[in-house]
Amino acid sequence: MQRPLKAVLFDVDGTLVDSNEAHTRAWVKAFWEYGLTVDPVVVRRSIGMGGDKLMPAVSGIQQDSSLGKLIAKRRAEIFKREMLPRLKPFSGAKDLVAAIKDRGCSAVAASSAKEAELKPLLATAGVDSLMDAKTSSDDAEESKPDPDIIEAALERAHADRSEAIMIGDTPYDIEAARRAGMDAIAFRSGGWRDADLGGAIAIYDGPWDLLARIDESPLRRP
């Protein structure tokens with residue numbers, strides 16, 4: 001029997017903040033500055049993984065190589081300076097997190113972003129003070145779609161996988177949750193089709209849509 005819901009784990013990029021396209025542009029520009037052309041479509045479809053998986057997927061370069069470290073550092077600089085100040089939260093992001101907490105659940109960020117980027121992203125979403133805990137790629141050996149970040153978030157929420165649910169916007173969020181043995185809700189706001197989000201127990205347009213239908217959703221009150 002499913003236990004009562006105790007914690008909701010949130011991806012952030014593409015889920016609470018409209019940032020996936022900004023991440024794509026930052027990666028493409030960082031590669032270009034080091035003389036490498038990468039396909040923006042391939043990069044876009046890799047957003048949601050950690051950089052340790054994205055870089056070899058789009059370029060064949062390992063992030064821990066000398067060149068990989070330079071590109072990753074430059075991407076972070078571009079994102080912080082050029083992209084982050086322009087980002088906007090999705091409609092309903094803050095209200096959704098508040099509604100979930102009003103239902104007695106812990107809210108935990110479970111993001112593939114680095115800690116240095118996660119803090120301002122949560123502030124952009126207006127949920128930094130609402131999150132009970134947060135985990136980033138700095139808290140895990142392997143980023144999504146490996147389950148390490150999810151497992152770290154469960155530990156910080158003091159919740160069993162049967163007492164928690166993940167909300168994300170990419171196939172990598174869904175797979176990470178599945179590999180951690182828990183259910184996931186998907187949002188279309190990250191730009192993926194429903195067919196790509198297979199495995200989610202429910203799919204909504206974004207925070208605003210789930211908020212409007214929360215009493216009929218997997219997050220409804222017992």
Side-chain angles (χ1 to χ4, degrees), residues 9-88 108-125 128 131 133-156 166 168-177 179-180 190-192:
L9 279 51
F10 287 91
D11 176 60
V12 179
D13 287 300
T15 299
L16 299 177
V17 179
D18 189 3
S19 54
N20 286 356
E21 191 60 36
H23 280 294
T24 300
R25 293 197 301 271
W27 276 115
V28 171
K29 185 173 182 179
F31 278 110
W32 177 81
E33 289 186 1
Y34 280 91
L36 298 166
T37 300
V38 293
D39 186 342
V41 175
V42 177
V43 175
R44 181 65 176 76
R45 290 186 65 83
S46 300
I47 299 299
M49 299 179 182
D52 59 318
K53 291 188 171 64
L54 182 149
M55 290 191 71
V58 306
S59 69
I61 296 171
Q62 298 298 320
Q63 184 173 259
D64 59 0
S65 67
S66 298
L67 178 57
K69 290 176 181 177
L70 291 172
I71 294 171
K73 180 180 179 181
R74 182 61 184 137
R75 182 220 64 87
E77 293 169 349
I78 293 168
F79 183 76
K80 180 179 180 180
R81 187 184 73 246
E82 300 180 20
M83 311 297 177
L84 192 57
R86 303 177 184 177
L87 296 182
K88 302 294 183 184
V108 182
S111 171
S112 286
K114 293 287 187 181
E115 173 70 16
E117 290 181 8
L118 181 56
K119 287 183 178 181
L121 285 167
L122 291 173
T124 296
D128 45 340
M131 289 292 174
K134 58 184 181 296
T135 56
S136 68
S137 59
D138 294 333
D139 300 307
E141 284 194 26
E142 297 289 342
S143 63
K144 299 172 188 172
D146 283 296
D148 301 33
I149 292 169
I150 307 298
E151 291 168 349
L154 286 172
E155 184 175 345
R156 293 190 180 178
M166 174 76 188
D169 68 294
T170 72
Y172 316 118
D173 297 314
I174 309 308
E175 183 178 349
R179 291 170 67 177
W192 292 85

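Counting begins at 1 with the first residue of the sequence.
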For the [atom1] atom of [X] and the [atom2] atom of [Y], what is their distance to the nearest 0.5 Å?
X: H23; Y: L121; atom1: NE2; atom2: CG; value: 5.5 Å
X: D18; Y: D13; atom1: CG; atom2: CG; value: 10.0 Å
X: L84; Y: E117; atom1: CG; atom2: CD; value: 7.5 Å
X: N20; Y: W192; atom1: CG; atom2: CH2; value: 9.5 Å
X: L54; Y: K144; atom1: CG; atom2: NZ; value: 13.5 Å
X: R156; Y: E151; atom1: CZ; atom2: CD; value: 13.5 Å

Can you see which heavy atom on [X] is nearest to which on [Y], and at what distance?
X: L9; Y: A110; answer: CB-CB, 4.3 Å
X: E33; Y: I78; answer: OE2-CD1, 4.1 Å
X: A109; Y: M131; answer: N-SD, 3.6 Å
X: D148; Y: A140; answer: CB-CB, 3.4 Å
X: S19; Y: L87; answer: CB-CD1, 3.7 Å
X: V12; Y: L122; answer: CG2-CD2, 3.8 Å

Look at the side chain of [X] and the backbone N and O of [Y], then say whether any donor-acceptor pair between them is shorter than 3.5 Å.
X: D146; Y: E142; answer: no
X: S111; Y: S136; answer: no
X: D138; Y: K114; answer: no
X: S112; Y: S143; answer: no

*What pairs with E82 under salt bridge (Lys or Arg N to Asp or Glu O under 4.0 Å), at least two apart in sequence or on another chain?*
K29
Using a 4.5 Å cut-off on heavy atoms from C-beta on, say whether the side chain of [Y] contacts that of [X].
X: L70; Y: Y34; answer: yes
X: W27; Y: V58; answer: no
X: P145; Y: K53; answer: yes
X: T124; Y: K88; answer: no

*Test salt bridge (Lys or Arg N to Asp or Glu O under 4.0 Å) applied to R179 and E175, step by step*: CA-CA 6 Å; R179 291 170 67 177; E175 183 178 349; 3.4 Å; yes
*More than 12 foreign heavy atoms under 6.0 Å from CZ of R86: is that the case here?*
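Count not over threshold, so no.
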*Check whether more than 12 heavy atoms from other residues, nucleotides or ligands sit under 6.0 Å from atom CD of E155, and answer yes or no.*
no
_Given the ring of F79, does R75 sit roughly above its face, with NZ or CZ under 6.0 Å from the centre of the six-membered ring and within 45° of the axis?_
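Yes; both conditions hold, so R75 lies above the ring face of F79.
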_Side-chain donor-acceptor contact under 3.5 Å, T135 with D139_ =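 Note: T135 and D139 side chains miss the donor-acceptor criterion.
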Under 3.5 Å, sequence neighbours excluded: what are the donor-acceptor pairs made by side chains of residues 61-69?
residue : atom : partner : partner atom : Å
S65     : OG   : Q62     : O            : 2.7
S65     : OG   : G68     : N            : 3.0

